[in-house]
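This report concerns only the one structure given below.
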Amino acid sequence: RELNGVADRRARFVCALVAVRSVDDPEPLIAMGRWAGEILTAPSGAGGFGYDPLLSIPALGRAVAELSAAEKNSLSHRALAAAHLIAQFREVWRLG
């Protein structure tokens with residue numbers, strides 16, 4: 001309701017993951033995942049939770065709540081952050 005009349009409805013889900021080896025780790029691994037979309041004027045879909053029915057992913061032509069669990073788990077902001085963190089783990093392990 002508070003967005004009624006708002007033309008720019010761009011939004012995104014953001015996930016930040018941090019891995020530390022100890023409390024005073026001088027080089028924590030930090031990974032970000034962002035999933036851009038648009039806020040819908042009405043909920044769509046029955047899956048997911050929270051804001052999933054209100055965020056449409058234009059590239060997919062569907063709301064997050066309309067995606068299968070497999071699609072969401074492979075494309076989401078959390079999936080992107082996890083993939084970035086895994087890549088950093090692999091890089092660190094190769095160098096160290």
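These figures come from a predicted structure and were not determined experimentally.
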Heavy atoms of G45 and P53 approach each other most closely as O-CB, 4.3 Å
Where do V20 and D25 come nearest, in terms of heavy atoms and distance? CA-OD2, 3.4 Å
Looking only at non-hydrogen atoms, find the nearest pair between L40 and R9 and report the distance. O-NH2, 3.1 Å
Can a donor-acceptor pair be found, under 3.5 Å and without considering hydrogens, that links the side chain of D52 to the backbone of F49? yes
Taking atom CG of L17 and atom CD1 of I30, what is their separation to the nearest 0.5 Å? 10.5 Å
Below 4.5 Å, heavy atoms only, C-beta onward: do P58 and E38 meet side chain to side chain? yes
Evaluate the side chain to side chain contact (heavy atoms under 4.5 Å, CB included) criterion for residues V64 and F13: first the C-alpha distance (whole Å), next the side-chain angles of each, then the deciding distance (0.1 Å), finally the verdict. CA-CA 11 Å; V64 174; F13 286 156; 4.2 Å; yes
When every non-hydrogen atom of G48 is compared with those of K72, the smallest separation belongs to CA-NZ, 4.1 Å
Please tell me whether L60 and Y51 are part of a single hydrophobic cluster in this structure, the criterion being side-chain heavy atoms less than 4.5 Å apart. yes
Contact check, side chains of V92 and L29, non-hydrogen atoms, under 4.5 Å: yes
Heavy-atom pair of closest approach, residues S44 and A63: O-CB, 3.5 Å
Kindly give the heavy-atom pair with the smallest separation between I57 and G37, and that separation in Å. CD1-CA, 4.4 Å
Tell me, do L80 and R34 make a side-chain contact under 4.5 Å, heavy atoms counted? no
Is there a continuous path of hydrophobic side-chain contacts, each under 4.5 Å between heavy atoms, that joins L54 to W35? yes
Pairing of R62 and E71 as salt bridge, 4.0 angstrom limit: yes
R12 side, atom CZ; H77 side, atom NE2 - distance, nearest 0.5 Å: 12.0 Å
